[in-house]
Amino acid sequence: MSADLRPSGPFRIGDRVQLTGPKGRLHTVTLREGGELHTHHGVLRHEGIIGQPDGSVVVNSGGHEYLALRPLLRDFVMSMPRGAAIVYPKDAAQILASADIFPGATVVEAGVGSGALSLWLLRAIGPEGRLLSFERREEFSEVAEANVETFLGHYPESWQVVVGDLADELPEVTEPGSVDRVVLDMLAPWECIDVVAEALTPGGVVLCYIATATQLSRVAEYIRHSGLFTEPEATETMVRGWHVEGLAVRPDHRMVAHTGFLLTARRLAPGAMPPDVRKRALKKPSYADEDVEAWTPGAVGDREITDKNLRKRVRDAQKAVEGARHAAEDRSGETVD
């Protein structure tokens with residue numbers, strides 16, 4: 001990463017800054033020449049922040065203090081415009097570890113949602129890697145692309161967003177056995193397992209992020225009886241904060257508990273069938289045809305966002321990325337395409 005893109009050092013024009021003001025109120029701004037933050041507490045001029053080190057305290061016209069910090073990626077994804085529900089940071093961290101995302105990897109992601117997981121994946125694969133993100137809805141892809149560009153300050157060359165169904169589009173944009181990792185965040189991941197198996201290199205990892213137990217059961221059974229993968233492993237991640245003040249040490253009253261299940265499996269070599277897999281293949285599935293109806297998108301709670309609400313979220317995301325582009329122009333003195 002070049003020095004001018006590193007998220008450290010003194011604040012510069014074009015940097016995003018998270019300001020914590022009176023009573024813990026948060027404001028996030030993109031520093032611009034002549035920019036100002038107006039609140040009912042007064043005016044905070046951007047010129048008073050530019051050149052200050054990260055973690056500085058600045059004062060506005062009303063004498064109120066603000067702590068200035070560059071937002072972490074976890075801060076950004078929790079506050080960015082959303083087209084679809086996001087993958088929370090606690091799950092994103094586990095996805096990177098469980099799927100073994102590494103620098104230079106070729107990774108497939110579906111669907112892209114609001115771009116939260118895309119940002120984590122892009123950071124993990126680095127500039128030498130390749131991320132292919134598939135999204136059925138064009139509006140969601142627009143929100144995701146705007147969010148990624150807003151945070152990074154540029155559109156990454158290592159990222160390609162494909163609008164369409166993964167089952168149809170993946171064979172068109174990848175060669176068989178050329179993908180290292182696949183992450184599926186969708187309602188019916190079992191519909192894509194066959195094309196995923198074709199795209200994955202032997203030993204590659206498929207990871208499914210699943211919201212409900214019925215979805216978890218369905219995709220696990222499909223992977224198990226395909227005979228193309230190792231035995232699937234399922235986990236969930238819970239995070240509990242602690243209150244620590246002197247000797248008053250106790251768990252927080254609230255915790256981030258269940259958000260989703262992670263199911264992983266590894267691609268077997270063509271024609272390979274471990275003994276335990278061979279035994280399971282001889283058994284009948286543990287579900288009947290009528291059970292499949294319980295695993296349909298409608299039955300598992302597919303929540304539809306209204307077109308009006310989605311258009312507003314697209315506008316919010318585009319507004320944020322336009323601000324980032326203008327800030328980049330201020331920094332470089334050149335027009336950003």
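If you're wondering where the values come from, they're calculated on a predicted model, not measured in any experiment.
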Worksheet item: Does the side chain to side chain contact (heavy atoms under 4.5 Å, CB included) test come out yes or no for L263 and L207, once each step is laid out?
Response: CA-CA 6 Å; L263 183 141; L207 183 146; over 6 Å; no
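- Heavy atoms from other residues, nucleotides or ligands lying under 6.0 Å from OH of Y88 number 12 at most.
- Grouping the Ile, Leu, Val, Met, Phe, Trp and Tyr side chains by contacts below 4.5 angstrom, directly or via other members, places V219 with L166.
- Between M273 and L268 there is no side-chain heavy-atom pair separated by less than 4.5 Å.
- The side-chain heavy atoms of L200 and D180, taken from C-beta on, include no pair separated by under 4.5 Å.
- The side-chain heavy atoms of V183 and V108, taken from C-beta on, include no pair separated by under 4.5 Å.
- The shortest heavy-atom contact between V195 and A167 is CG1-O, 3.7 Å.
- With D185 contributing its side chain and C208 its backbone, the two residues share no donor-acceptor pair below 3.5 Å.
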Item to complete: Using the side chain to side chain contact (heavy atoms under 4.5 Å, CB included) rule, take L73 and W120 through it: C-alpha gap first, then chi angles, then the decisive distance, then the call.
Response: CA-CA 8 Å; L73 179 50; W120 294 103; 3.5 Å; yes
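- Side-chain heavy atoms closer than 4.5 Å link hydrophobic residues (I, L, V, M, F, W, Y) into clusters, and following such links, even through other members, never connects L216 to V205.
- Counted within 6.0 Å of CD on E233, heavy atoms from surrounding residues, nucleotides or ligands total 12 or fewer; the atom is thus considered open.
- A donor-acceptor pair is defined here as one N or O able to donate and one able to accept, closer than 3.5 Å; no such pair exists between the side chain of D100 and the backbone of A97.
- With hydrogens and angles disregarded, a donor-acceptor distance shorter than 3.5 Å links the side chain of T174 to the backbone of L170.
- Judged by distance alone, with hydrogens and angles left aside, the side-chain atoms of R70 form a donor-acceptor pair with the main-chain N or O of G9 at under 3.5 Å.
- Between M238 and M255 the shortest side-chain heavy-atom distance falls below 4.5 Å.
- Considering only heavy atoms from C-beta on, L19 stays 4.5 Å or farther from T28 through its side chain.
- Side-chain contact, T212 with Q215: a donor N or O sits under 3.5 Å from an acceptor N or O.
- The CG atom of L44 lies 7.0 Å from the OH atom of Y66; values are rounded to the nearest 0.5 Å.
- Considering every non-hydrogen atom in both T264 and S98, the closest pair reads CG2-CB, 4.1 Å.
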Discussion item. Pair T201, S178 - check side chain to side chain contact (heavy atoms under 4.5 Å, CB included), show working.
Written reply: CA-CA 6 Å; T201 185; S178 64; over 6 Å; no
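- When every heavy atom of P71 is checked against every heavy atom of Q18, the shortest pair comes out as CD-N, 3.8 Å.
- Put simply, V58 and L67 are part of two different groups of oily side chains (I, L, V, M, F, W, Y) that touch within less than 4.5 Å, one to the next.
- For the pair A269 and P202, the tightest heavy-atom approach, listed with the atom from each and the gap, is CA-CB, 4.1 Å.
- Judged by distance alone, the side chain of H154 and the main-chain N or O of L152 form a donor-acceptor pair under 3.5 Å.
- When atom types are taken as modelled, the side chain of S217 and the backbone of A213 share no donor-acceptor pair closer than 3.5 angstrom.
- Note: S56 OG to F11 CZ = 6.0 Å, rounded to the nearest 0.5 Å.
- In this structure, F151 and F76 approach most closely via the heavy-atom pair CD1-CG, 3.4 Å.
- Heavy-atom minimum distance, I95 versus V87: CD1-CG1, 3.9 Å.
- To the nearest 0.5 Å, the span separating CZ on R136 from CG on D168 amounts to 9.0 Å.
- Atom CD of E65 is surrounded by 12 or fewer heavy atoms from other residues, nucleotides or ligands within 6.0 Å.
- Of the N and O atoms on the side chains of E109 and S118, at least one donor lies less than 3.5 Å from an acceptor on the other residue.
- By the 30° and 60° cut-offs, the orientation of the rings of W159 relative to Y155 is parallel.
- Put simply, the side chain of V179 does not reach to within 4.5 Å of the side chain of V107, judged on heavy atoms.
- Rounding to the nearest 0.5 Å places OG of S133 at 8.0 Å from CG of L117.
- Applying the 6.0 Å contact sphere to CZ of R250 captures more than 12 heavy atoms from other residues, nucleotides or ligands.
- Looking only at side-chain heavy atoms (C-beta outward), E157 and P127 stay at 4.5 Å or farther from each other.
- For the atom pair H46 NE2 and L31 CG, the distance stands at 6.0 Å (nearest 0.5 Å).
- Proximity of R82 to N147: side-chain heavy atoms (C-beta onward) are nowhere separated by under 4.5 Å.
- A donor-acceptor distance shorter than 3.5 angstrom exists from the side chain of K90 to the backbone of T237, with no hydrogens or angles considered.
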Item to complete: I would like to know whether N60 and V43 meet side chain to side chain contact (heavy atoms under 4.5 Å, CB included); could you show each step before the answer?
Response: CA-CA 5 Å; N60 73 353; V43 178; 5.9 Å; no
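- Remark: the backbone N or O of T106 is not paired with any side-chain donor or acceptor of R130 at under 3.5 angstrom.
- In this structure, H41 NE2 and R25 CZ are separated by 8.0 Å, a value rounded to the nearest 0.5 Å.
- Tested against E135 for a side-chain contact (heavy atoms from CB on, under 4.5 Å), the candidates V112, V163, D165 yield a single pass: V112.
- In this structure, S226 contributes its side chain and L228 its backbone to a donor-acceptor pair below 3.5 Å.
- By the 4.0 Å N-to-carboxylate-O rule, R240 lies too far from D252 to be salt-bridged with it.
- Under the 3.5 Å distance criterion, the side-chain polar atoms of R181 are matched with a main-chain donor or acceptor of A99.
- With a 6.0 Å radius and a threshold of 12 heavy atoms from other residues, nucleotides or ligands, H243 has its NE2 atom above the threshold.
- Linking Ile, Leu, Val, Met, Phe, Trp and Tyr whenever their side-chain heavy atoms come within less than 4.5 Å leaves L72 and M80 in two separate clusters.
- Under the 4.5 Å side-chain heavy-atom criterion for grouping Ile, Leu, Val, Met, Phe, Trp and Tyr, L96 is connected to M78 within one hydrophobic cluster.
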